[in-house]
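Everything below concerns the one structure shown next.
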Amino acid sequence: MREEEVEKLRGVVRDCVTKHLYSSAIFFADKVAAFTNDPADIYMQAQALFLGRHFRRAFHLLNASKIVLRDLRFRYLAAKCLEELKEWDQCLQMLGDAKVDEHGNVYDSKDVNVMYPDEDGEDREINISSAICFLRGKAYEALENRAQARLWYKAAVKADPLCYEALECLIENHMLTGEEETSLLSSIQFGPEDDWLTSFYSCLIKKNDAENVVEGKFIELEKEGYNYNHSDPSFAHTWKNNTDLLVCKAEYYHQCGEYQKCFELTSALLEKDPFHMKCTLIHVAAATELGHSNELYLMACSLTKDYPEKLTVRTPSFFPLCRALSWFAVGCYYYCIKKYELSRRYFNKATNHDGTFAPAWIGYGNAYAAKEVGDQAMSAYRTAARLFPGCHLPALYIGMEYMRTHSFKLAEQFFMQAKSICPTDPLVYNELGVVAYHKKEYDKAVCWFEKTLAHIPSALSEIWEPTVVNLGHVYRKLKMFNEAIKTYEKALTLSTRSVSTYAGLAYTYHLQDNFAVAIDMYEKALWLKPDDKFCGEMLAIALEEGAHRGMDPKLEYR
């Protein structure tokens with residue numbers, strides 16, 4: 001066989017791979033490698049075997065080659081075969097010895113600076129050392145050594161900022177606190193052509209910053225673009241309609257409690273890209289918060305149909321996550337309609353499919369907490385706190401459980417822990433205010449409730465009405481009656497159907513001996529909830545005291 005014929009066969013193999021004809025690629029690659037015995041052709045044959053999912057055969061071919069210990073590409077592909085075979089210890093052994101410090105800097109490794117750039121090509125390649133660091137991280141995570149996994153993921157991003165998968169694992173699995181994410185971003189060495197990537201990564205991890213900082217990052221990235229033809233604006237391209245960026249914005253809305261805005265955005269995005277996993281997750285979470293049970297039912301049916309339970313040989317690696325998301329959606333539906341036992345069952349199924357799926361662990365705990373089954377709820381939250389150190393929600397919910405049992409000191413400790421992880425979540429400050437109120441530390445409670453309102457990124461909505469009412473209660477306790485009345489009236493602009501607001505307003509007027517208005521407010525509260533014991537008793541007292549003092553309620557009210 002002449003050299004030009006061999007080169008044509010190599011082209012056939014490459015073409016078969018691009019057309020996903022893997023059996024054909026394996027057949028012709030085998031012939032080329034047998035004829036030339038060239039390491040590059042052996043590698044091409046191993047690649048074809050790997051893509052055809054013949055992992056054992058590909059590993060045997062690579063391992064039998066004496067080049068595997070000298071050529072980093074051979075070793076990496078052999079380790080990828082072991083990854084697919086779930087032989088994690090052997091995978092780490094194949095990747096070789098190396099150490100990493102707490103900042104993600106690799107040392108004691110001969111391979112750190114080894115790269116295989118395509119000097120003749122124009123394509124930019126990812127540093128193979130970064131890919132190896134990422135694979136080490138995946139192996140350690142599979143072995144449940146999440147501390148080492150976190151370090152190797154950081155090393156992968158620092159070795160090459162283009163290794164997005166490593167950053168995605170750090171963010172989606174909540175492996176870093178907000179402070180650690182910021183520190184990692186500042187330590188990454190971006191290229192001069194990577195300004196857009198710097199902004200994009202910043203949007204991914206800056207959702208815990210102040211509103212103006214986050215919004216500024218989104219605006220900056222949306223304006224980023226280029227123009228093919230400067231004389232014609234229609235040729236301009238920007239990231240404004242990029243799905244990933246809009247999903248990032250939807251996640252920010254959800255985190256800020258802007259559930260309606262989040263739901264509207266994810267609804268529009270799913271029409272454009274109905275199989276975007278992260279968008280689907282945020283959409284389900286927003287629908288749950290808004291109580292849209294019909295939407296949850298439709299999403300659950302769609303997901304369980306698109307990702308059936310039965311596994312096949314060709315099942316993609318992300319399938320467990322898809323199944324976890326499907327069962328999570330089913331669990332959210334049952335949680336929304338208050339069938340908590342069924343909800344727990346499906347949240348548990350989600351964690352069985354993917355043990356690193358944080359929302360399912362939180363939902364599992366919430367389903368127990370809804371029925372006041374504290375021990376099981378605590379167990380789920382503690383598991384989530386251990387698995388996801390960068391997520392503040394487990395600590396927040398553990399604090400809520402302690403508060404439910406009146407263990408206010410312990411509750412405060414966990415709320416402060418949640419605050420240290422995510423210092424911008426208004427709900428954390430609200431819970432700290434409630435703890436301070438129960439501990440009769442009213443000045444501190446005022447401070448926490450005011451911080452809650454200050455951290456809400458946009459205009460107050462009905463969801464924050466309880467916080468405003470709580471602030472009114474604290475003002476009343478401090479005998480700041482005028483401030484309390486103003487605060488209660490502010491709460492009424494958010495919701496006119498809150499018994500607590502009318503009761504607090506009535507009691508404040510009652511304490512000021514303004515019986516006419518107090519009686520009117522007690523009656524409004526009882527109209528909303530006729531069996532309210534407090535309002536019923538206080539209305540009787542107000543009527544008696546008003547009559548005792550000889551006042552005409554109608555005249556005084558006028």
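Counting non-hydrogen atoms of neighbouring residues, nucleotides and ligands closer than 6.0 angstrom, the NZ atom of Lys272 exceeds 12 such neighbours. The environment of CD in Glu544 is sparse: at most 12 heavy-atom neighbours from other residues, nucleotides or ligands sit within 6.0 Å. Annotation for Gln260: atom CD counts as buried by contact number, over 12 foreign heavy atoms lying within 6.0 Å. Enclosure of atom OH in Tyr507 is not indicated, since only 12 or fewer non-hydrogen atoms of other residues, nucleotides or ligands lie within 6.0 angstrom. More than 12 heavy atoms of other shown residues, nucleotides or ligands fall within 6.0 angstrom of atom CD in Glu168.
Arg345 pairs by the salt bridge (charged side-chain N to carboxylate O under 4.0 Å, His left out) definition with nothing, not counting sequence neighbours. The side-chain hydrogen bond (donor to acceptor under 3.5 Å, both in side chains) test applied to Lys486 returns no partner, not counting sequence neighbours.
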* Going through the checks in order, is the salt bridge (charged side-chain N to carboxylate O under 4.0 Å, His left out) test met by Glu412 and Lys439? -> CA-CA 10 Å; Glu412 186 176 32; Lys439 292 171 69 178; 2.8 Å; yes
* Begin from the C-alpha positions of Leu453 and Ile456 and carry the test side-chain contact (heavy atoms from CB on, under 4.5 Å) through to its verdict. => CA-CA 5 Å; Leu453 300 176; Ile456 296 170; 4.0 Å; yes
* Asked: Under the side-chain hydrogen bond (donor to acceptor under 3.5 Å, both in side chains) criterion, do Glu141 and Thr356 qualify, and how do the steps go?
  -> CA-CA 9 Å; Glu141 187 172 12; Thr356 63; 4.7 Å; no
* **side-chain contact (heavy atoms from CB on, under 4.5 Å) between Leu197 and Phe190, intermediate numbers included** => CA-CA 8 Å; Leu197 188 62; Phe190 290 96; 4.0 Å; yes
* Asked: Would Glu172 and Lys278 count as a salt bridge (charged side-chain N to carboxylate O under 4.0 Å, His left out) if you check the C-alpha gap in whole Å, the side-chain angles of each, and the deciding distance to 0.1 Å?
  -> CA-CA 9 Å; Glu172 299 304 320; Lys278 188 170 182 181; 2.8 Å; yes
Listed pairs under 3.5 Å, donor-acceptor, residues 387-404 side chains, sequence neighbours left out:
| from | atom 1 | to | atom 2 | distance (Å) |
| --- | --- | --- | --- | --- |
| His392 | NE2 | Asp425 | OD2 | 2.6 |
| Glu401 | OE1 | Arg404 | NE | 3.4 |
| Glu401 | OE1 | Arg404 | NH2 | 3.0 |
| Tyr402 | OH | Arg382 | NH2 | 3.1 |

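Applying ring-ring contact (aromatic ring centres under 6.0 Å, His included) to Phe328 and the options Tyr334, Tyr364, Phe347 leaves one that passes, Phe347. Looking at Met175, Glu180, Glu181 one by one, the single match for side-chain contact (heavy atoms from CB on, under 4.5 Å) with Leu170 turns out to be Met175. The one candidate from Asp532, Asp531, Val499 that meets the side-chain contact (heavy atoms from CB on, under 4.5 Å) condition with Leu526 is Asp532.
In summary, the aromatic rings of Phe263 and His254 are positioned with their centroids too far apart to meet the 6.0 Å limit.
Annotation: side chain of Cys301 is in contact with side chain of Tyr297 (closest heavy-atom distance under 4.5 Å). Residues Gln512 and Ile485 are in side-chain contact: their nearest non-hydrogen atoms beyond the backbone lie under 4.5 Å apart. Between Tyr340 and Lys338, some side-chain heavy-atom pair lies under the 4.5 Å cut-off. Side-chain atoms of Gln255 and Cys422, non-hydrogen and from C-beta on, do get closer than 4.5 Å to each other.
Ring orientation note: the planes of His438 and Phe408 are close to parallel, at an angle under 30° on the 30°/60° scale. Ring geometry for His455 against Tyr429 counts as parallel: the plane angle stays under 30°, on a 0 to 90° scale with 60° as the upper cut.
Taking both residues in full, the closest heavy atoms of Thr452 and Pro426 are given as CG2-O, 3.3 Å, listed atom of the first, atom of the second, then distance. Residues Tyr381 and Ile362 share a closest heavy-atom pair of CE2-O, 3.9 Å. Of all the heavy atoms in His292 and Cys336, the pair that sits closest is N-SG, 4.1 Å. Nearest approach of Leu269 to Cys279, heavy atoms of both residues: CB-SG, 3.7 Å. The minimum heavy-atom distance between Leu245 and Phe200, with the atom names listed, is N-CZ, 3.9 Å. Shortest non-hydrogen contact noted between Asp101 and Leu151 is O-CD2, 3.7 Å.
Taking OH of Tyr522 as the start and NE2 of His510 as the end, the distance is 5.0 Å to the nearest 0.5 Å.
Proximity of a side-chain donor or acceptor of Ser379 to a complementary backbone N or O of Asp375 within less than 3.5 Å is not detected. Judged by distance alone, the side chain of Ser343 and the main-chain N or O of Lys339 form no donor-acceptor pair under 3.5 Å. Judged by distance alone, with hydrogens and angles left aside, the side-chain atoms of Lys371 form no donor-acceptor pair with the main-chain N or O of Glu341 at under 3.5 Å. Here the side chain of Tyr201 pairs a donor or acceptor atom with the backbone of Pro161 at under 3.5 angstrom. For the pair Thr304 (side chain) and Ser326 (backbone), a donor-acceptor distance under 3.5 Å is absent. Side-chain atoms of Thr487 come within 3.5 Å of backbone N or O of Glu483 as a donor-acceptor pair.
Judged purely by distance below 3.5 Å, without hydrogens or angles, the side chains of Glu295 and His283 pair a donor atom with an acceptor atom.
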